[in-house]
Number of protein chains: 2
Amino acid sequence: MNILEKITQNKAAFSKSERKVAEIILANPQTAIHSSIATLAKMSDVSEPTVNRFCRRLDTKGFPDFKLHLAQSLANGTPYVNRHVDESDGPGEYTNKIFESTMASLEVARQSIDVNTVNRVVDLLTQAQKISFFGLGASASVAHDALNKFFRFNVPVVYFEDILMQRMSCMNCSDGDVVVLISHTGRTKSLVEIAQIARSNDATVVGITSADSPLSKECTYVLSLEVPEDTDMYMPMASRIAQLTLIDVLATGFTLRRGNKFRENLKRVKDTLRGSRFDKRDL
Amino acid sequence: MNILEKITQNKAAFSKSERKVAEIILANPQTAIHSSIATLAKMSDVSEPTVNRFCRRLDTKGFPDFKLHLAQSLANGTPYVNRHVDESDGPGEYTNKIFESTMASLEVARQSIDVNTVNRVVDLLTQAQKISFFGLGASASVAHDALNKFFRFNVPVVYFEDILMQRMSCMNCSDGDVVVLISHTGRTKSLVEIAQIARSNDATVVGITSADSPLSKECTYVLSLEVPEDTDMYMPMASRIAQLTLIDVLATGFTLRRGNKFRENLKRVKDTLRGSRFDKRDL
DNA sequence: ACACCAAATGTAGTAAAATTACAACTTGCA
DNA sequence: TGCAAGTTGTAATTTTACTACATTTGGTGT
């Protein structure tokens, strides 16, 4: 865990002098990591052993070890904590907060992804006769993006924003078709219905949605993304970003998989051509 | 810069013994940060001053300072380096690489954003009579997403995928209208034309595009995102993600500026959606 | 091939930093 | 008031890092 947060949390448990040290470090962590224990003791107006005890209380081996932890907390990237925007924030603040929370959400999403399912879905997609991407509301643009990506692969791809078109499309599904349904909550009624229609027409249904949702129960495969809930009103839907990134992952997997096959194919063509050519040694 | 990369890069410039130290550190950086200079010297089979000189050569103040840098490089999150996917990668690897490069790109984008322009654009949007979002290809889905976000604000928002519709819409622009054009490269001809049409009809044109592009020259305001170029074939378009996040930033700025009354309105929109969803307690 | 110079490396001593053990001081409670 | 538990500081010890200088290595020109 981030040691800066830890200091803030344990603040109550510290003794008076230890708290002095905590204040100084929190106020100026960058200085702290470049100071010796003596300097820091003087700044906090306590003795050196007090600083040392402070470090130990935070489960570090001693002052140098503490500095290491602190340095890591301060390292670029780590402090991507889900910081919420509040009303008093200026443009600089909310810009940074949003970027940082987005990155934090991506990190959480990354860790929650089940690689095996990704692999199976990629497998499925490469073998699909037709791929459909459907989503509603905020997820519609994600489906839209997926269309863009997969369209380049020269595969039959389908995307509709309209519920009725989505339904009709699913009714025409058959064995070998893959329907990818995107929904953060997984509670959108019409999308759940579409999953049922697609399944009853022998299509494989892949859900990019949250686990244990009504939608996930209707899917053949579920790629769940555990993105922190967008509880805050100002909070952007980080889930979309995670979904898009997941689409990127699928598209990449697709390219890699098809790439291999494609290269083998190339080689076979070359071999076939050889017969119609003069060999090098014949020259 | 990440010190681990630095070590790898400068490897050639090192002396024989220094290289020994480099090898040991690269092979086991986690151990290195918890070792004293003496231990590390013994492991590398060199003398202590050699280790010290090694540290100095990397522009650190000495061994402790070097450890600090190393710790930061090893910190969770920092190694979000743009790692490229290669053909031999398995699902686990490419998934991680894509998430990490996306995060890395977001970080770069964050640093490149001009907050003042963000502020001015938010200002503009809050006062706009009508807001249009246009993009083509991959950027179309970003515009689509923007539509979704701003639609909730109960502001007249327009979005078209069709070039002709985009043109016509811009021809009907008037003073007070804001047209947001999204394009990673900023070299899409028809989008540049649309910018010109919109401007000549007194609309304010905001470009979410790269600086110094043809499109940027036609815009009233440019929000440039310096996202690393997607050179690699397997590389996903991280630029879209950055654009989306920027849209989030604008939307958030918009909400903040509009104040309390407006936020109540937002809540009402959310409540309305409830009817189309399965309730949590229904499970 | 040899001598010489410069760069690289190591040795030993020194300075600095961190830790330990213990003493003195608070603080709360009987 | 006095004592016990917890807190803080002092001083000595140990560990760690650094510096100055000596030795070695490798390369270059005669």
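Letters A, B, ... are given to chains in the order of the sequence lines, protein chains preceding strands, and every chain is numbered from 1.
Of all the heavy atoms in A/T185 and A/S213, the pair that sits closest is O-CB, 3.4 Å.
With hydrogens and angles left out, the side-chain atoms of A/T39 and A/S36 include a donor and acceptor closer than 3.5 Å. No side-chain donor from either of A/R120 and A/N116 sits under 3.5 Å from a side-chain acceptor of the other.
Remark on DNA chain D: of its neighbouring residues B/S35 and B/K16, the 5'-side contact belongs to B/S35, judged by nearest-heavy-atom nucleotide.
Rounded to whole Å, atom P of D/dT8 lies 12 Å from atom CZ of A/F14. Residue A/K42 contributes atom NZ, which lies 13 Å from atom C1' of C/dA16 at whole-angstrom precision. The distance between atom CD1 of A/I37 and atom P of D/dG9, rounded to the nearest whole Å, is 13 Å. Protein atom CZ of B/R19 is 9 Å distant from nucleotide atom P of C/dT9, rounded to whole Å. As a whole-Å value, the separation of A/L40 CG from C/dA17 C1' is 13 Å. The separation between B/F54 atom CZ and C/dA8 atom P is 15 Å, rounded to whole Å. Straight-line distance from the CD1 atom of A/I33 to the P atom of C/dA17: 16 Å, rounded to whole Å. Between the P atom of C/dA8 and the NZ atom of B/K20 lies a distance of 15 Å, rounded to the nearest Å.
Within the 4.0 Å cut-off from OP1 or OP2 of D/dG9, at least one side-chain nitrogen or oxygen of A/T50 is found. Regarding contacts with the backbone of C/dA18, every side-chain N or O of A/N52 stays at 4.0 angstrom or more from both OP1 and OP2. Of the side-chain N and O atoms in A/R53, none sit less than 4.0 angstrom from OP1 or OP2 of C/dA21. Listed pair B/K61 / D/dA17 fails the phosphate criterion, with no side-chain N or O lying under 4.0 Å from OP1 or OP2. The phosphate of D/dT7 has neither OP1 nor OP2 within less than 4.0 Å of any side-chain N or O from A/S17.
The existence of a salt bridge linking B/D248 and A/R240 is confirmed by a sub-4.0 Å separation between a basic side-chain nitrogen and an acidic carboxylate oxygen. A salt bridge does not link A/R53 to A/E18: none of the charged side-chain nitrogens sits closer than 4.0 Å to a carboxylate oxygen.
Of the candidates C/dA17, C/dA12, C/dT20, the closest approach to any side-chain atom of B/P49 belongs to C/dA12. Counting only heavy atoms from C-beta on, B/P64 has its side chain closest to D/dC18 among D/dC18, C/dT9, D/dT7. Distance from the side chain of B/S15 is smallest to C/dA8 among D/dA11, C/dA8, D/dT16.
The residue B/R56 sits close only to the backbone: its heavy atoms come under 4.0 Å of sugar-phosphate atoms, none of a base.
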